[in-house]
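Single-structure report; data block below.
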Amino acid sequence: MYKSFRPGKVWYDTAGKRIQAHGGSVLHADGVFYWYGENKEGITGTATGKQCAYWHHGVRLYSSADLYNWTDEGIIMLETQDKTHPFYPANLMDRPHILYNACTKKYVLWAKTSLGDFQHSFFSVCIADTIRGPFKLCEKVDCSPYHAGDFDLIEENGTAYIIYENPHSEMICQTLSHDYTRFGEGTSSHLPCVSPPYTREAPAFFARNGRKFLLTSGTTGYYPNASQLDEITCFHDAWKTLGNPCVGDKNNNSFHAQFSSVFKHPHIKDLYIALGDRWLTDLPMDLPDVNEIFYRLCNKDAPPLPRDFNFARLSAENTSEADYVWLPVRFRPDGMPYIEWRTEWTIENFNE
């Protein structure tokens, strides 16, 4: 039984199995915490010597009373054997996020999906009567003229928004329909960049004392990079870049993680938790400058990489064994958020 958070350590559920809730989020409902995300069980990447045929095995849910110990509640959005379906396991399915709609009394799940390639992505929207599912696909949301990238869902005063990456270009913010299943009126573009690694992905929204913040990652695949914090005055107005919120991050890689969401504890004042994935657990200590590598790979005006450069030597990608990095978001007297490393911490002493 766990009594603390141990960022980067293997985290097992109450049955003794690795937790499989990657790129996920936490919801609180009826006094219970629910953690959900991509089920990467058996998704071995390149670790076996050949590319794994599958990307996911649906969306998995866990429940907890204390945020430390999690019980497997099963798959709430099942994979299918229909190759034309977004939840076929060989098709891309990333970063599920769920909102509860108080008007329709439905839980609404959005996921970034694509049928076999990254170039024609869209959002798949699923609904259920309870957080435990089962969820059913109800909409395929085309983003034209954009493409669906990493995203977060936000609800504020009864209105919902989606903030997503238009891959390798910018962040798009769109207001959602009344039932949260489609786009509504209101679209804006933010944080434009020329190319990876500087384009932003993995947006994670949180708000405190009337201020809105967005935590994002650079674009370097599964390789970790520096985070960026922006302040949102209005969803469809200008955003202000505040810099890297990670303090003491010696390797400038978000403590070897990529944050997928920020969870505000419903009962403890100012307890915000940045939920991160440590996608690659076998990177060498002498890791080369990943930002420089991706800049030279993706920018036609940059000098080419050496011919003998080989990405495969850096990691044997195995997302089934990816770990989690959960860290408290702290706040300076002026309200500025920051994140610092903790080898171990508890809810009870997070302010110490």
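Computed from a predicted structure; not experimentally measured. Heavy atoms only: backbone and side chains are in, while hydrogens, waters and symmetry mates are out.
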Residues in ring pair (Phe, Tyr, Trp, His ring centres under 6.0 Å) contact with Y107, at least two apart in sequence or another chain: Y100
Residues V141, W110; criterion side-chain contact (heavy atoms from CB on, under 4.5 Å); working and verdict: CA-CA 10 Å; V141 178; W110 286 58; 4.1 Å; yes
Gap between atom CD of E139 and atom OG1 of T181 - 0.5 Å precision: 5.0 Å
R278 NZ/CZ over Y324 ring centroid, <6.0 Å and within 45° of normal: no
Flag for N244-S227: side-chain donor and acceptor within less than 3.5 Å: no
Under 3.5 Å donor-acceptor, E170 side chain and S189 backbone: no
Main-chain N/O of F122 paired to T113 side chain as donor or acceptor, under 3.5 Å: yes
Donor-acceptor pair between E344 and S4 side chains, under 3.5 angstrom: yes
Whether over 12 other heavy atoms sit under 6.0 Å from D30 CG: no
Same apolar cluster (I L V M F W Y, side chains within < 4.5 Å links), L280/L314: yes
Shared hydrophobic cluster for L27 and L275 (ILVMFWY, side-chain gaps under 4.5 Å): no
Carboxylate-amine/guanidinium contact R330 E340, below 4.0 Å: yes
Check: D150 side chain, A202 main-chain N or O, donor-acceptor pair, under 3.5 Å: yes
Option among Y272, W35, Y2 that satisfies the ring-ring contact (aromatic ring centres under 6.0 Å, His included) test with W326: W35
E292 side chain vs Y295 backbone, donor-acceptor pair below 3.5 Å: no
N251 (side chain) donor-acceptor with P224 (main chain) under 3.5 angstrom: no
H236 and T175 side chains, donor-acceptor separation under 3.5 Å: yes
By side-chain hydrogen bond (donor to acceptor under 3.5 Å, both in side chains) - contacts of Y164 (at least two apart): Q174
Those residues that, when tested against F259, pass ring pair (Phe, Tyr, Trp, His ring centres under 6.0 Å) (two or more places apart): none
T199-T219 side chain donor-acceptor pair, cut-off 3.5 Å: yes
Gap separating the CG atom of L305 from the CG atom of L297, nearest 0.5 angstrom: 4.5 Å
Pair Y222-W279, ring-ring contact (aromatic ring centres under 6.0 Å, His included): steps then yes or no: CA-CA 6 Å; Y222 282 129; W279 292 110; 5.1 Å; yes
Distance in Å, N291 CG paired with N252 CG, rounded so as to fall on 0.5 Å steps: 7.5 Å
Members sharing W239's hydrophobic cluster (side chains within less than 4.5 Å): I154, Y161, I163, M171, L191, F205, L214, I232, F235
Electrostatic pair D323:R18 at N-O distance under 4.0 angstrom: yes
Side-chain heavy atoms of S261 within contact of F206, under 4.5 Å: no
Separation between CZ of F255 and CG of D249, rounded to the nearest 0.5 Å: 4.5 Å
T233 to A238 - nearest heavy-atom pair and separation: OG1-O, 3.1 Å
Under 3.5 Å side-chain donor-acceptor pair for H57 and E79: yes
Main-chain N/O of K106 paired to N101 side chain as donor or acceptor, under 3.5 Å: no
Distance-only side-chain donor-acceptor flag, E73 / S63, under 3.5 Å: yes
Inter-residue atom distance I98.CD1 - L109.CG, 0.5 Å rounding: 4.5 Å
Donor-acceptor under 3.5 Å (N318 side chain, G45 main chain): no
Cluster companions of L78 among Ile, Leu, Val, Met, Phe, Trp, Tyr (side-chain spacing under 4.5 Å): I75
Aromatic Y338 / basic R332 pairing, under 6.0 angstrom, 45° off normal: yes
Ionic contact status for D129 with K105, cut-off 4.0 Å: no
Separation between OH of Y88 and NE2 of H56, rounded to the nearest 0.5 Å: 10.0 Å
D72: salt bridge (Lys or Arg N to Asp or Glu O under 4.0 Å) partners, not counting sequence neighbours: R60
Summary of salt bridge (charged side-chain N to carboxylate O under 4.0 Å, His left out) pairs that have at least one residue in residues 224-242, sequence neighbours excluded: R211-E231
Set of side-chain hydrogen bond (donor to acceptor under 3.5 Å, both in side chains) partners for E185, sequence neighbours left out: none
OH/Y54: more than 12 non-hydrogen atoms of other groups inside 6.0 Å: no
Under the side-chain hydrogen bond (donor to acceptor under 3.5 Å, both in side chains) test, residues paired with T44 that sit two or more places apart: none
Counterpart residues, ring pair (Phe, Tyr, Trp, His ring centres under 6.0 Å), relative to W345 (two or more places apart): F5
Polar side-chain atom of T130 near backbone of R132 as donor-acceptor pair, under 3.5 Å: yes
Whether H120 and H147 hold their rings parallel, tilted or perpendicular, with breakpoints at 30° and 60°: perpendicular
Distance-only donor-acceptor check, side chains T14 and N69, under 3.5 Å: no
Minimum-distance pair of heavy atoms, taken over all atoms of A53 and A90: O-CB, 3.5 Å
Residues forming a side-chain hydrogen bond (donor to acceptor under 3.5 Å, both in side chains) with S169, sequence neighbours excluded: none
Heavy-atom donor-acceptor pair, D282 side chain to S315 backbone, under 3.5 Å: no
Residue pair H28, H267: steps toward the ring-ring contact (aromatic ring centres under 6.0 Å, His included) verdict: CA-CA 10 Å; H28 183 261; H267 307 307; 5.2 Å; yes
Worked verdict on Y198 versus F294 for ring-ring contact (aromatic ring centres under 6.0 Å, His included): CA-CA 9 Å; Y198 305 111; F294 274 80; over 10 Å; no
Donor-acceptor pair, side chain of N349 and main chain of T346, under 3.5 angstrom: yes
Ring pair (Phe, Tyr, Trp, His ring centres under 6.0 Å) partners for H256, two or more places apart: none
